[in-house]
**Student:** 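Just dropping this structure here.
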Amino acid sequence: MINFYQLRAWQLDGVDEREVARRLMRSTMSKDEILTAWSTAFDVSLDEADAAMRRGYAGQVQYDFMRGMERFSDGELDEVGGVLRLALAQVPPDALTATGLTLADIEDDADADHKWWDLLEALGDFEDGTWQTYRYWDLLAEVAVQLEADPAWFRWRRAETLYGFVRAELTLDASAEAVKEQETRPVWVLGEGDRAVASLRLGQPVLEPGQSASVRLRPFLMSGWERLNAGDRITYQQYGQDRGTAEILEMAPPRP
């Protein structure tokens, strides 16, 4: 997350206001987090921060979209179902969830409030596809917040669309520490002495030493990773020591 110290540093470095706005919009921060950071860093009101973001992102779809979400938060849209229908409109008819559901199986659930949680879960469970834009994941994250569910998975997927991701099978050494489900940022040895940082997301509560599990990686920078292919192996490190091996299953570039 970009905090107000970073914003002040950019200001001291002479970074243009519009560029600061663009950097914030490329982050995984929510609209409220962005405005709070701007307000704190530059000692302005939230309304003035909002105006600055609009100046910096004038004519850009992404900030207009987030302002639409503000109207949703204020109750100007009729119901959560309205936002879910916006997400449903982006799902191709032939797309499949991990459990084999299609759009036809779930599209009527937006009209039944007791099914919103199930629909949200299904929309977040579609297999990876180029149709899933960051706007799609923004919709689901906003619904999760409104339903008081955890939006972390949707925000993670949003970042994947912007920066790309790696899917891999990680096997921990017996000497490794257990890896928890929550996001971590370990160092990976990519080969030929190259090292890189990539956030790790585990699809289960914990991975114990000696065990294997499928993981999703989000490189801090894609440079160095782009030469890797499915079947290649990279080394997982803890505290500067080799503590596991991951086999690359899929390399996905950033999406529009």
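The basis for the numbers below is simple: all heavy atoms, side chains too, and nothing from hydrogens, waters or symmetry mates.
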**Student:** Less than 3.5 Å apart, any donor N or O on the side chain of Glu33 or Thr36 sitting next to an acceptor on the other?
**Tutor:**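 Distance-only check fails for Glu33 and Thr36.
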**Student:** List for me each residue that meets ring pair (Phe, Tyr, Trp, His ring centres under 6.0 Å) alongside Phe165, sequence neighbours excluded, and say none if there are none.
**Tutor:**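 Ring pair (Phe, Tyr, Trp, His ring centres under 6.0 Å) check on Phe165 returns nothing, list empty.
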**Student:** Are Arg218 and Glu160 ion-paired here, with the side-chain N under 4.0 Å from a carboxylate O?
**Tutor:**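 The answer is no: the pair does not qualify as a salt bridge.
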**Student:** Do other residues, nucleotides or ligands put more than 12 heavy atoms under 6.0 Å from Glu107 CD?
**Tutor:**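 Atom CD in Glu107 is crowded, with more than 12 foreign heavy atoms closer than 6.0 Å.
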**Student:** Please round to the nearest 0.5 Å and tell me the distance separating atom CG of Leu140 and atom CD of Gln132.
**Tutor:**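 Here the rounded value is 9.0 Å.
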**Student:** Side chains of Val143 and Trp116: does their closest heavy-atom pair fall under 4.5 Å?
**Tutor:**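 The answer is no; the side chains never approach within 4.5 Å.
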**Student:** Please name all residues satisfying ring pair (Phe, Tyr, Trp, His ring centres under 6.0 Å) with Phe220, sequence neighbours left out, ordered by chain then number.
**Tutor:**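 Per chain and number, Phe220 pairs via ring pair (Phe, Tyr, Trp, His ring centres under 6.0 Å) with no residue.
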**Student:** Tell me, which pairs form a salt bridge (charged side-chain N to carboxylate O under 4.0 Å, His left out) where one or both residues lie in residues 230-244, sequence neighbours left out?
**Tutor:**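 Those involving residues 230-244 are Arg233-Glu247.
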**Student:** Do Leu170 and Tyr236 pass the side-chain contact (heavy atoms from CB on, under 4.5 Å) test, and can you show the C-alpha distance, the side-chain angles, and the key distance before you say yes or no?
**Tutor:** CA-CA 8 Å; Leu170 172 63; Tyr236 168 75; 3.8 Å; yes
**Student:** Within the 4.5 Å heavy-atom criterion, are Arg157 and Arg216 side-chain neighbours or not?
**Tutor:**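 Side-chain contact under 4.5 Å: yes.
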**Student:** Measure across Trp38 and Val44 and return the closest heavy-atom pair with its distance rounded to 0.1 Å.
**Tutor:**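 The answer is CD1-CG2, 3.9 Å.
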**Student:** CD1/Ile106 to OG1/Thr97 distance, rounded to the nearest 0.5 angstrom?
**Tutor:**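 Output value for this atom pair is 7.5 Å.
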**Student:** State the CG-CG distance between Leu119 and Asp125, to the nearest 0.5 angstrom.
**Tutor:**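 Reported to 0.5 Å precision, the distance equals 12.0 Å.
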**Student:** I'd like to know whether Gln146 forms a side chain to side chain donor-acceptor pair (under 3.5 Å) with Glu142, so could you lay out the CA-CA distance, the side-chain angles of the two residues, the decisive distance to 0.1 Å, and finally the verdict.
**Tutor:** CA-CA 6 Å; Gln146 295 301 318; Glu142 181 63 24; 3.0 Å; yes
**Student:** Leu139, Trp153: one ILVMFWY side-chain cluster at the under-4.5 Å cut-off?
**Tutor:**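 Yes, Leu139 and Trp153 fall within the same hydrophobic cluster.
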**Student:** Let me check something: do Leu172 and Leu202 share a hydrophobic cluster, defined by ILVMFWY side-chain heavy atoms less than 4.5 Å apart, either directly or through other members?
**Tutor:**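 Shared cluster, yes.
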**Student:** Ignoring hydrogens, what is the shortest heavy-atom contact between Pro92 and Trp131? Give both atom names and the distance.
**Tutor:**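 Shortest heavy-atom separation between Pro92 and Trp131 comes out as CD-CD2, 3.3 Å.
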**Student:** Do Met251 and Leu228 touch side chain to side chain, with heavy atoms closer than 4.5 Å?
**Tutor:**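 With C-beta onward as the side chain, the pair touches.
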**Student:** Calculate, to the nearest 0.5 Å, the distance between atoms CD1 and CG belonging to Ile234 and Leu217 respectively.
**Tutor:**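 The distance works out to 5.5 Å.
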**Student:** Tell me, which pairs form a side chain to side chain donor-acceptor pair (under 3.5 Å) where one or both residues lie in residues 219-231, sequence neighbours left out?
**Tutor:**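 Pairs touching residues 219-231 that pass the test: Asp194-Arg227.
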**Student:** Is any side-chain heavy atom of Arg158 closer than 4.5 Å to a side-chain heavy atom of Asp138?
**Tutor:**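 Arg158 reaches Asp138 side chain to side chain.
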**Student:** Could you measure the distance from the CG atom of Leu103 to the CG atom of Leu123? Nearest 0.5 Å is fine.
**Tutor:**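 Rounded to the nearest 0.5 Å, the CG-CG separation comes out at 9.0 Å.
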**Student:** With heavy-atom distances below 4.5 Å as the criterion, would you say the side chains of Tyr136 and Thr161 are in contact?
**Tutor:**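 No - every pair of side-chain heavy atoms lies 4.5 Å or more apart.
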**Student:** Answer yes or no: is there a side-chain heavy-atom contact under 4.5 Å between Pro254 and Leu162?
**Tutor:**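 No, every pair of side-chain atoms sits at 4.5 Å or beyond.
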**Student:** Going from CG on Asp108 to CZ on Arg85, what distance comes out if it is rounded to the nearest 0.5 angstrom?
**Tutor:**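 Between Asp108 CG and Arg85 CZ, I get 10.5 Å after rounding to 0.5 Å.
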**Student:** Quick check: is Phe126 connected to Trp156 through a chain of hydrophobic side chains (ILVMFWY, heavy atoms under 4.5 Å apart)?
**Tutor:**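 Yes, same cluster.
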**Student:** Go through the structure and list residues passing side chain to side chain contact (heavy atoms under 4.5 Å, CB included) with Asp105, not counting sequence neighbours.
**Tutor:**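 By the side chain to side chain contact (heavy atoms under 4.5 Å, CB included) rule, Asp105 matches Leu101, Thr102.
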**Student:** For residues 207-215, which side-chain N or O atoms pair as donor and acceptor with protein atoms under 3.5 Å away, sequence neighbours left out?
**Tutor:**
residue: Gln211; atom: OE1; partner: Glu208; partner atom: N; Å: 3.3
residue: Ser212; atom: OG; partner: Thr171; partner atom: OG1; Å: 2.6

**Student:** Treat each ILVMFWY residue as a node, draw an edge where side-chain heavy atoms are under 4.5 Å apart, and state whether Leu147 and Leu88 are in one component.
**Tutor:**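 Yes; tracing contacts between hydrophobic side chains, which count when under 4.5 Å, links both residues.
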**Student:** Mark yes or no for whether Gln241, through its side chain, and Gln238, through its backbone, hold a donor-acceptor pair below 3.5 Å.
**Tutor:**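 No.
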**Student:** Work out which heavy atom in Met222 is nearest to a heavy atom in Pro219; give both atom names and the distance.
**Tutor:**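 Reported closest heavy-atom pair: SD-CG, 3.6 Å.
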**Student:** Grouping I, L, V, M, F, W and Y whenever their side-chain heavy atoms are under 4.5 Å apart, do Leu200 and Leu190 come out in a common cluster?
**Tutor:**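 Leu200 and Leu190: one cluster.
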**Student:** Do Trp188 and Val197 have side-chain heavy atoms sitting under 4.5 Å apart?
**Tutor:**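 Of all side-chain heavy-atom pairs linking Val197 with Trp188, none is under 4.5 Å.
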**Student:** Give a yes or no on whether the backbone of Ser175 and the side-chain of Asp173 come within a donor-acceptor separation of less than 3.5 Å.
**Tutor:**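 No, because the side chain of Asp173 does not come within donor-acceptor range (under 3.5 Å) of the backbone of Ser175.
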**Student:** Quick check: closest heavy atoms across Leu249 and Ala230, and the distance to 0.1 Å?
**Tutor:**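 Smallest heavy-atom distance, with atoms named: O-CB, 3.7 Å.
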**Student:** Are any non-hydrogen side-chain atoms of Val206 and Val179 less than 4.5 angstrom apart?
**Tutor:**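 They are not in side-chain contact.
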